[in-house]
Amino acid sequence: MKIINTKDKNFKEEFENILARAKSDIKDVSKIVTNIIDEIIENGDEALKKHIEKFDKWEFKDANELLISTNDMEKAYKNIDDELRKSLHTAYDRIKAYHEKQLPKSWIDFEDNGTILGQKVTPVDRAGLYIPGGKAAYPSSLLMNAIPALVANVKEIVVCTPAPNNEVNELLLAACHLCGVSKVYKVGGASAVAAMAYGTKTIPKVDVITGPGNIFVATAKKLVFGEVNIDMIAGPSEIGILADKNAKANYIAIDLLSQAEHDEMASSILITTCEDLARKTDIEVETYLSKLERETIARKSIDERGAIIIARDMDEAIELMNDIAPEHLEVMTENPFELLPYIKHAGAIFLGENTPEPIGDYIAGPNHTLPTGGTAKFYSPLNVENFLKKSSIISFSKKAIQSLGEPCALLADTEGLTAHAKSVRVRLENN
Ligand SMILES: NC(=O)c1ccc[n+]([C@@H]2O[C@H](COP(=O)([O-])OP(=O)(O)OC[C@H]3O[C@@H](n4cnc5c(N)ncnc54)[C@H](O)[C@@H]3O)[C@@H](O)[C@H]2O)c1
Ligand SMILES: N[C@H](CO)Cc1c[nH]c[nH+]1
Ligand SMILES: [Zn+2]
């Protein structure tokens with residue numbers, strides 16, 4: 001891996017490159033993605049057909065073939081190995097319990113002067129979940145997206161996932177059955193996002209699109225925002241690790257690779273105060289790499305986007321990590337909780353050497369759909385509120401409008417909005 005030292009003369013420039021790369025990725029593909037979206041808007045299912053043939057390598061005669069039957073989902077659920085079904089249920093239960101804690105409640109307050117104010121929380125009518133499936137299938141992402149939608153009480157959940165060579169992963173179908181998802185379409189990439197944002201004859205337009213995906217998916221979500229809501233930019237996976245001399249190089253190495261194996265565009269960065277650990281980690285990465293099933297993907301990601309940074313001290317290490325704002329941040333130091341107050345930006349924070357990132361991908365409970373590309377500076381993990389919206393509730397009695405009507409009308413006068421002022425004063429005159 002590339003090892004750089006903050007004392008190096010050209011460190012600032014190297015670090016700027018690391019930060020800039022994540023942002024330029026979306027720019028790089030936005031033209032391709034814009035074209036795909038425009039084609040879906042113009043030609044609907046016909047354009048889907050073309051893109052599926054090109055990217056997923058299968059053909060359909062009738063667009064209805066895109067829909068997977070609930071029968072197939074039930075069959076898959078029954079067919080999977082018992083131990084696997086048990087693991088699926090464990091993950092389901094833990095994710096559900098975590099997300100139930102997030103559910104905001106409607107509320108209403110009665111003031112003494114006769115004013116009633118409140119907030120009504122309502123789910124969106126229809127949510128569209130993008131579940132990745134190009135290089136690998138992601139049944140875990142189905143759980144992570146469907147469960148918060150179920151907790152939010154969304155009535156209609158639509159799933160789009162690519163089916164390379166017209167094959168769909170059995171565990172994904174089993175997870176759909178477990179979550180009670182009834183509409184699953186075999187379509188992926190920017191086409192799926194555009195179809196859910198604008199609607200086609202076959203795929204219904206949704207109100208919000210959530211879910212992770214590669215750079216094409218992440219860019220498409222960014223481009224359709226406004227036509228529908230989106231959860232966040234959840235693109236190629238990232239891991240940042242903060243470590244001191246107490247950390248184990250083999251743990252760090254395999255955790256870096258856990259995200260590198262997702263995608264050539266994934267990014268894995270270790271920042272450490274210990275030069276010896278940096279060198280040992282580099283060797284361990286190489287040892288593990290050659291044993292991985294997805295060695296080629298992981299190697300490209302590590303070579304092109306991986307880095308080990310040696311910092312002067314932990315203050316400097318944390319400052320750099322906050323600038324990166326990684327999707328996942330592991331803290332492997334002697335007292336990881338002591339650093340927590342200083343960590344400002346990260347999608348999910350994993351504390352201690354026995355908390356490897358993959359435990360959060362599958363089973364811990366918090367959502368694994370997380371902001372990438374530095375957007376953890378302003379986005380949160382996928383949560384129940386992504387499927388909800390709020391309406392304000394206002395009701396004034398005679399007494400209330402008498403007490404607040406004139407200050408209101410005065411403010412309206414000052415804005416030159418005389419109909420606003422009169423709308424209030426006409427009540428004062430009649431009361
Ligand atoms: N941030 C998160 O929360 C999170 C969670 C899980 C996975 N991920 C990421 O999801 C991604 C999954 O990627 P994937 O590729 O396996 O599946 P994917 O479903 O995201 O993408 C596959 C689709 O991409 C499109 N595509 C592929 N090559 C294209 C090209 N050259 N031009 C236009 N479109 C093209 C095709 O439509 C294809 O069906 C990885 O990057 C992984 O790191 C992120
Ligand atoms: N690490 C991914 C989020 O970046 C989520 C995932 C799903 N399966 C395995 N990993
Ligand atoms: Zn992962």
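Counting starts at 1 for both ligands and their atoms, in listed order. All residue numbers in this chain count up from 1 along the given sequence.
Here the protein heavy atom with the shortest distance to atom 2 (C) of ligand 2 is H262 NE2, 3.4 Å. Residue, atom and distance of the protein heavy atom nearest to atom 9 (C) of ligand 2 are Y362 OH, 3.1 Å. For atom 1 (N) of ligand 2, the closest non-hydrogen atom on the protein side is Q259 OE1, 2.7 Å. Protein heavy atom nearest atom 25 (C) of ligand 1, with residue, atom name and distance: G189 CA, 3.9 Å. Atom 10 (N) of ligand 2 has its closest protein heavy atom at D361 OD2, 2.8 Å. Considering only non-hydrogen protein atoms, atom 3 (C) of ligand 2 sits nearest to E327 OE2, 3.3 Å.
Below the 2.8 Å limit, the Zn ion (ligand 3) has as protein N, O or S neighbours H262 NE2, D361 OD2.
Residues L48 and Y185 form no side-chain contact, since every pair of their non-hydrogen atoms from C-beta on lies 4.5 Å or further apart. With a 4.5 Å cut-off on side-chain heavy atoms, Y362 and S140 count as touching.
Annotation: G235 places an N or O atom under 3.5 Å from an N or O atom of ligand 1; distance criterion only.
Here is the list of ligand 2 atoms found below 4.0 Å of a heavy atom in Y138: 7 (C), 8 (N).
Residue P212 holds the heavy atom nearest to atom 6 (C) of ligand 1 of all those in P212, A220, G211, S191.
With a heavy-atom cut-off of 4.0 Å, E238 does not touch ligand 2 at all.
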